[in-house]
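Chain letters run A, B, ... following the sequence lines, proteins first, then strands; residues in each count from 1. Just so it is clear, the model here is predicted, and its values are computed rather than measured.
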There are 2 protein chains.
Amino acid sequence: MMAKGVVTIKDLADELGIAPSTVSKALRNNPAISEETRKKVNDLARRMNYKPNAIALSLRSNRTKTLGLVIPEIVHHFFSLVIAGIEDLAYDAGYNMIIFQTNESYNREVIGVQTLLASRVEGILISLSKETRNYDHLRNALDQGIPMVMFDRVTSDLETDKVTVDDYHGAYMAVNHLIRTGCRRISHLSGPPGLPIADLRRMGYSDALRDNNLEVNRDLIMYCDNFKQARIRTKQLMNMTQPPDAFFTVNDLTATGVIKSLLELAIPIPQQVSVIGFSNDELSQVTHPALSTVDQHGYQIGQASIQLLLDRLMAQGAALPFIHHVIKSELILRDSTRISILSE
Amino acid sequence: MMAKGVVTIKDLADELGIAPSTVSKALRNNPAISEETRKKVNDLARRMNYKPNAIALSLRSNRTKTLGLVIPEIVHHFFSLVIAGIEDLAYDAGYNMIIFQTNESYNREVIGVQTLLASRVEGILISLSKETRNYDHLRNALDQGIPMVMFDRVTSDLETDKVTVDDYHGAYMAVNHLIRTGCRRISHLSGPPGLPIADLRRMGYSDALRDNNLEVNRDLIMYCDNFKQARIRTKQLMNMTQPPDAFFTVNDLTATGVIKSLLELAIPIPQQVSVIGFSNDELSQVTHPALSTVDQHGYQIGQASIQLLLDRLMAQGAALPFIHHVIKSELILRDSTRISILSE
DNA sequence: GAAGCTATTTCAATCGATTGCAGCCTTCTT
DNA sequence: AAGAAGGCTGCAATCGATTGAAATAGCTTC
């Protein structure tokens, strides 16, 4: 049975000795078809396990029920959370997701977007690669009328819906908490300048200091966003004549490097030095002491992004205003920071 | 310019006053077309930013250049590594990936596979959900001639290519190392019975004990595979009159729970108690002490899986033998285990 | 000048499904 | 008994691109 591979409407028609168009109408419950024929067709379709060819349907309807996702790296807890959020809602709305990872390469991002366009995705979700400075590939997509939502790594050069976390405010809250618990020399291990999320977090850090009448000391700010570098930088910083009494890092992995180095130096956390990361990765609950951090709510970012895209698809090209949805970040206090000692 | 949306071959033909078939042949460098026409067509195509409609091509050629991936959860370091391995090679081979996550639900797995079939993917990569006991949805796909590769969570009920990590051997190596470094009462925190990867790791544990003439003590084996439970179980076990001197856990997150509890109990690691996890997640280098573990090589598993699938697609349905590719696991020794003290 | 060649181009069918319209067959009406 | 009406079914075009076959134009040759 069914050695021929895939069953088409024509196969059903031939089997029953009727026209393909009749079969099609019967399957779609067109009222012009008699009850008898309808039943015959449906029965046979079930028996032969007929499934409509989505490709043919797409060609005819010009709808692919497919969305494209372009993402820097899947192997990041944050991004995989975003993907999960997107997947879950896309699935409920009956959309397939084609996923491209750019590995932070601009070239792959361009090719990815082009491939998605060739596949006739109905919409695109994208988080920009670290290298991306030119947006022609995205303008191209927008010109073709493909709706787009940028999330997390966005640019103000394009008019699209956007979803970001309030990096600035998250950083501000974190640093403010450090100050309120008595820290005065707070070091910041930051991401590369020019990367918006890193810049925003650095600004939040600086502004929190200023608002508390603390000077921003450039010697305490380093560009360092991974575990290995953090190990080195921490020891350098702790060797200063006036070492920091707290670290605020651009991500959790960097913070774990700080913690590890501090433990090796036998510096008590948080009694002598406090540490706050950023992301609330899985690993933040696992360190000793458990890491205080800022939750980015990746799953919600994913959900908000796909929701904006679905809304726009629903609107059928009606001119909805562009929305920039800012997801609230949340300060998660664990054991790498002191309990608030200053109350106002 | 280009307000009409997407450019088709017919648009080019109308613009030049020639037939669509001529345009098509010119674009594909058919020798029957004059140099002059070819140039005119290619120039216009570039100017109007013509891109062939992949849907139409798929319908005609019956090739979608798309593969399907069904995976329990994206938000797992191991699985995201696998996806990355798959993505990278699929991309190089010119294939798109449609991804479905089942969230460990059998129903979603069935729907996912059916959707992939409707989308006419050319092949399927799948890691079974924890619930899956019936394989009709997969047999269905195989009957339609869709090649399939199962990875990590596989079943012997189906004849397909498979890629797994040598869980048994990894566990055996881990426990053997514990014994060689002097541990005698080794507890195992295991995954649910019936889940092949958990069963294999438990067997590796038991066999290593037996081969070293140690008894398998059922009191030291617990079903516990997450951080929270591990915190509780560890304290229970350490309260025994003869507490364990080592823990081997089914995954890294569980191991981090053990470490945290031991630290709280002020039990020195590895001097009094050793710990080995399984996976080599990002978090294993982050604990204090850094966690010894077994690397599953997720990225390679992904690469091996997609390679098997691509090979089969290349073979054009020729009857290749089914391959079960077992990826070597690797014991990663960090600071939660002692240095080998017994040499033979 | 008619037949034959060659170089180009167009026609038409195809992939699988959908759908407005035409057409056929019954049956009812007058 | 002829014509109208209504119920079903089939025809053909369509979506975008490809490709073998047919057609056309231009040119040579005897």
Side-chain angles (χ1 to χ4, degrees), chain A residues 2 4-42 44-45 48-66 115 117-122 144-146, chain B residues 2 4-42 44-45 48-66 117-122 144-145:
Chain A
M2 226 182 26
K4 291 218 159 196
V6 179
V7 180
T8 71
I9 265 194
K10 189 163 176 307
D11 297 332
L12 298 182
D14 289 349
E15 187 76 16
L16 293 171
I18 60 179
S21 56
T22 307
V23 174
S24 171
K25 285 170 185 160
L27 289 171
R28 320 204 91 242
N29 292 319
N30 186 315
I33 302 299
S34 69
E35 197 53 52
E36 187 195 341
T37 307
R38 193 198 319 273
K39 187 168 173 352
K40 263 196 321 195
V41 170
N42 280 310
L44 184 67
M48 294 185 67
N49 193 27
Y50 166 78
K51 288 287 182 327
N53 183 328
I55 304 293
L57 291 176
S58 289
L59 178 59
R60 189 161 209 290
S61 64
N62 211 17
R63 306 215 44 198
T64 53
K65 277 288 181 181
T66 300
T115 309
L117 292 179
S119 300
R120 296 298 195 269
V121 295
E122 294 182 38
Q144 292 187 25
I146 307 294
Chain B
M2 227 184 23
K4 290 216 160 196
V6 179
V7 180
T8 70
I9 266 195
K10 188 161 176 310
D11 297 332
L12 298 183
D14 290 350
E15 187 76 17
L16 293 171
I18 60 179
S21 53
T22 308
V23 174
S24 171
K25 284 173 181 158
L27 289 172
R28 319 203 93 242
N29 291 319
N30 185 313
I33 302 300
S34 70
E35 196 52 51
E36 187 195 341
T37 306
R38 193 198 318 275
K39 188 165 169 359
K40 263 195 324 196
V41 170
N42 280 309
L44 185 66
M48 295 184 68
N49 194 26
Y50 166 78
K51 288 285 182 327
N53 184 328
I55 303 292
L57 292 176
S58 289
L59 179 59
R60 192 160 204 291
S61 65
N62 212 18
R63 305 216 41 197
T64 54
K65 277 288 181 182
T66 300
L117 292 179
S119 299
R120 295 297 194 270
V121 295
E122 294 181 38
Q144 291 188 27

> Which is it for N49(A) and K51(A) under the side chain to side chain contact (heavy atoms under 4.5 Å, CB included) test, yes or no, and what are the steps along the way?
Replying inline: CA-CA 6 Å; N49(A) 193 27; K51(A) 288 287 182 327; 2.9 Å; yes

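- The phosphate of dG16(C) has neither OP1 nor OP2 within less than 4.0 Å of any side-chain N or O from Y50(A).
- Remark: the K25(B) side chain and the dT8(C) base include no donor-acceptor N/O pair separated by less than 3.5 Å.
- When each of dA17(D), dG10(D), dT9(D) is scored by its nearest atom to the side-chain atoms of I9(B), the top-ranked nucleotide is dA17(D).
- Between T37(B) and dT9(C) there is a side-chain polar atom (N or O) within less than 4.0 angstrom of OP1 or OP2.
- Of all nucleotides listed (dA17(C), dA17(D), dT10(C)), dT10(C) comes nearest to the side chain of S21(B).
- Listed nucleotides: dA13(D), dT9(D), dT9(C). Nearest to the side chain of R60(A): dA13(D).
- Per the geometry, CZ belonging to R38(A) stands 10 Å off P belonging to dT9(D), to the nearest Å.
- Within the structure, every side-chain polar atom (N or O) of S61(B) is placed at least 4.0 Å from both OP1 and OP2 of dA17(D).
- When distances run from any side-chain atom of A56(B) to the nucleotides dG16(D), dT9(D), dT18(D), the shortest one goes to dG16(D).
- Taking atom CG of N30(B) as the reference point, atom P of dA17(D) lies 17 Å away to the nearest angstrom.
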> Does the side chain to side chain contact (heavy atoms under 4.5 Å, CB included) test come out yes or no for M48(B) and L12(B), once each step is laid out?
Replying inline: CA-CA 8 Å; M48(B) 295 184 68; L12(B) 298 183; 3.8 Å; yes

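- The residue among N62(B) and P20(B) whose nearest nucleotide of DNA chain C lies closer to the 5′ end is P20(B).
- The distance between atom CD1 of I33(A) and atom C1' of dG7(D), rounded to the nearest whole Å, is 10 Å.
- When heavy atoms are screened at a 4.0 angstrom cut-off, I18(A) is found touching the sugar-phosphate backbone but no base atom.
- Distances shorter than 4.0 Å separate none of the side-chain N or O atoms of T22(B) from OP1 or OP2 on dT9(C).
- Remark: P of dC15(D) and CG of N53(A) are 18 Å apart, rounded to the nearest angstrom.
- Protein atom CD1 of I55(A) is 15 Å distant from nucleotide atom P of dA17(D), rounded to whole Å.
- Between the side chain of S34(A) and the base of dC8(D) there is no donor-acceptor pair of N/O atoms closer than 3.5 Å.
- The residue L57(A) sits close only to the backbone: its heavy atoms come under 4.0 Å of sugar-phosphate atoms, none of a base.
- Within 4.0 Å (heavy atoms only), A32(B) reaches at least one base atom of the nucleic acid.
- Among the protein residues, S24(B) comes within range of the nucleic acid bases, having at least one heavy atom under 4.0 Å from a base atom.
- Rounded to a whole Å, the CD atom of E36(B) is 9 Å from the P atom of dT8(C).
- Spacing between atom CZ of R120(A) and atom P of dG16(D) amounts to 9 Å, rounded to whole angstrom units.
- One finds the CD1 atom of I146(A) at 8.0 Å from the CZ atom of R120(A) (value rounded to the nearest 0.5 Å).
- Residue K10(B) contributes atom NZ, which lies 16 Å from atom P of dT18(D) at whole-angstrom precision.
- A sub-4.0 Å separation between OP1 or OP2 of dT19(D) and a side-chain N or O of R28(B) is present.
- The CZ atom of R60(B) sits 15.0 Å away from atom CD1 of I55(A), with the distance rounded to the nearest 0.5 Å.
- At least one side-chain heavy atom of V41(B) sits under 4.5 Å from a side-chain heavy atom of I18(B).
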> Going through the distances and angles, do V6(A) and Q144(B) end up as a side chain to side chain contact (heavy atoms under 4.5 Å, CB included)?
Replying inline: CA-CA 6 Å; V6(A) 179; Q144(B) 291 188 27; 4.0 Å; yes

